[in-house]
Amino acid sequence: MDSIIFDLDGTLWDSTEVVTAAWKAVLGKYPVTGNEITKEALQGIMGLQVAEVGRQLFPSLEENMQQKIMDDCCEMECQYLAKQGGLLFGELEEVLHALSQKYKLFIVSNCQAGYIEAFYGYHRMDKYFTDFENPGRTGLSKGENIKLIMQRNYLTSPVYVGDTEGDQKAAAFAGIPFV
């Protein structure tokens with residue numbers, strides 16, 4: 001094993017409280033959604049790509065309206081997270097510090113551009129990670145982004161650490177072990 005690639009939500013932190021507040025601020029401007037966003041609703045869609053979230057949360061709306069709402073929500077959540085951060089899982093910094101002494105660390109998450117940067121910025125975690133990727137920058141699936149990180153950083157035997165079946169499938173797609 002030469003490196004560890006992490007998922008973000010549900011693996012390194014829980015951002016749902018802050019994201020819920022950001023989304024409520026946005027959705028107040030869109031009464032057509034008819035949905036009240038709760039922390040539980042967001043937990044059910046964390047880890048999905050943005051377009052799929054829009055389809056699941058706003059199925060009665062046309063795709064272009066789903067995308068407009070999702071774009072606004074994503075922009076607002078990054079602003080909120082950059083100012084408030086999320087809830088880091090227990091002793092995360094100590095664990096990352098210890099792991100980074102032996103392995104190169106990376107993040108691949110199904111988030112929008114700016115989300116991982118908000119995690120890095122607020123919590124000052126970028127010092128532990130070599131690189132990151134997400135579909136907001138590449139338009140690729142999580143498995144494809146894992147492969148991209150592997151190619152870009154010349155990784156020969158990474159593992160992927162995540163918390164969902166989707167994470168497990170992405171690791172399998174990339175041909176690496178899942179933890």
Side-chain angles (χ1 to χ4, degrees), residues 1-23 37-57 70 73-74 77-78 80-81 84-100 102-126 128-138 140-150 153 155 157-179:
M1 185 170 83
D2 63 354
S3 54
I4 304 170
I5 307 170
F6 290 94
D7 173 47
L8 182 52
D9 290 319
T11 302
L12 301 178
W13 76 345
D14 178 356
S15 65
T16 52
E17 289 285 342
V18 176
V19 171
T20 301
W23 283 41
I37 293 298
T38 64
K39 180 179 175 182
E40 294 73 29
L42 286 179
Q43 286 171 329
I45 52 91
M46 287 292 209
L48 299 177
Q49 288 196 14
V50 174
E52 181 59 28
V53 170
R55 284 190 289 276
Q56 285 199 19
L57 292 180
M70 292 307 305
C73 286
C74 288
E77 78 180 42
C78 286
Y80 273 48
L81 288 168
Q84 301 175 46
L87 177 62
L88 299 180
F89 291 135
E91 300 179 24
L92 178 65
E93 186 156 12
E94 293 84 357
V95 170
L96 293 175
H97 176 74
L99 289 172
S100 69
K102 186 171 181 181
Y103 304 103
K104 289 183 178 180
L105 306 181
F106 304 87
I107 295 176
V108 172
S109 180
N110 267 346
C111 58
Q112 69 275 17
Y115 189 86
I116 296 171
E117 295 91 330
F119 167 76
Y120 282 169
Y122 184 83
H123 295 288
R124 294 181 169 76
M125 292 291 171
D126 56 319
Y128 300 113
F129 295 93
T130 302
D131 197 1
F132 69 92
E133 201 52 85
N134 60 69
R137 292 193 329 174
T138 65
L140 301 174
S141 71
K142 185 177 275 188
E144 292 167 317
N145 280 325
I146 292 171
K147 282 185 167 187
L148 183 61
I149 285 286
M150 291 168 59
N153 294 280
L155 306 181
S157 57
V159 299
Y160 188 75
V161 177
D163 67 315
T164 67
E165 184 179 343
D167 292 337
Q168 185 176 17
K169 288 178 180 178
F173 177 87
I176 63 173
F178 173 73
V179 179

Exercise for the section: Quick one: list whatever passes salt bridge (Lys or Arg N to Asp or Glu O under 4.0 Å) with Lys169, sequence neighbours left out. Expected result: Glu165
Handout entry: Lys/Arg-Asp/Glu bridge criterion (N-O < 4.0 Å) met for Lys147, Glu144
Key = no
Practice task
May I ask you to test the Asn110-Glu52 pair for a side-chain heavy-atom distance under 4.5 Å?
Solution key: no
Problem - Trace of the side-chain contact (heavy atoms from CB on, under 4.5 Å) decision for Ser3 with Asn153 - result: CA-CA 10 Å; Ser3 54; Asn153 294 280; over 6 Å; no
Exercise for the section: Keeping the roles fixed (side chain from Thr11, backbone from Leu8), state whether a donor-acceptor pair exists under 3.5 Å. Expected result: no
Problem - Least distance between heavy atoms, Ser15 atom then Leu81 atom - result: CB-CD2, 3.8 Å
Completion exercise
The single option from Ile107, Asn145, Ile5, Ile149 that satisfies side-chain contact (heavy atoms from CB on, under 4.5 Å) with Phe132 is Ile107
Handout entry: Thr38: side-chain hydrogen bond (donor to acceptor under 3.5 Å, both in side chains) partners, not counting sequence neighbours
Key = none
Practice task
Check whether any side-chain heavy atom of Leu88 sits under 4.5 Å from a side-chain heavy atom of Glu93, and report yes or no.
Solution key: no
Handout entry: Distance, nearest 0.5 Å, that separates CG of Leu140 from CD of Glu133
Key = 7.5 Å
Completion exercise
When every non-hydrogen atom of Val18 is compared with those of Gly85, the smallest separation belongs to CG2-O, 3.1 Å
Exercise for the section: Scan for side-chain hydrogen bond (donor to acceptor under 3.5 Å, both in side chains) pairs involving residues 170-179, sequence neighbours excluded, and state none if there are none. Expected result: none
Exercise for the section: For Cys78 and Ala118, work out which heavy atoms get closest and say how close. Expected result: O-CB, 3.9 Å
Fill in the blank from the handout: Taken to the nearest 0.5 Å, the spacing of Glu77 CD from Gln84 CD works out to 12.0 Å
Handout entry: Sidechain-backbone polar pair: Asp14 side chain, Thr16 backbone, donor-acceptor under 3.5 Å
Key = yes
Exercise for the section: Take atom CD of Glu94 as the centre, draw a 6.0 Å sphere, and report whether it contains more than 12 heavy atoms from other residues, nucleotides or ligands. Expected result: yes
Handout entry: salt bridge (Lys or Arg N to Asp or Glu O under 4.0 Å) involving Asp163 - partner list, sequence neighbours excluded
Key = none
Fill in the blank from the handout: Note: Ala21 and Tyr80 closest approach over all heavy atoms is C-CE2, 3.8 Å
Exercise for the section: With side-chain contact (heavy atoms from CB on, under 4.5 Å) as the test, would you mind laying out the steps for Leu96 and Met125 before giving the verdict? Expected result: CA-CA 9 Å; Leu96 293 175; Met125 292 291 171; 3.9 Å; yes
Fill in the blank from the handout: Looking only at heavy atoms, the pair that brings Leu12 and Phe129 closest together is CD1-CZ, 4.0 Å
Practice task
Show the numbers, then the answer: is there a side-chain contact (heavy atoms from CB on, under 4.5 Å) between Phe106 and Leu155?
Solution key: CA-CA 11 Å; Phe106 304 87; Leu155 306 181; 3.7 Å; yes
Handout entry: By ring-ring contact (aromatic ring centres under 6.0 Å, His included) - contacts of Tyr115 (at least two apart)
Key = Trp13
Practice task
Tell me, please, which residues at least two apart from Asp167 pass salt bridge (Lys or Arg N to Asp or Glu O under 4.0 Å).
Solution key: Lys142
Handout entry: Residues Leu42, Ile45; criterion side-chain contact (heavy atoms from CB on, under 4.5 Å); working and verdict
Key = CA-CA 5 Å; Leu42 286 179; Ile45 52 91; 3.8 Å; yes
Handout entry: Residue pair Tyr128 / Leu105: nearest heavy atoms and the distance that separates them
Key = O-CB, 3.4 Å
Practice task
Give, for atom NZ of Lys39 and atom CH2 of Trp23, the distance between the pair rounded to the nearest 0.5 Å.
Solution key: 15.5 Å
Handout entry: Heavy atoms from other residues, nucleotides or ligands near NZ of Lys102 exceed 12 (cutoff 6.0 Å)
Key = no
Exercise for the section: Without swapping roles, check the side chain of Asn134 against the backbone of Ser109 for a donor-acceptor pair under 3.5 Å. Expected result: no
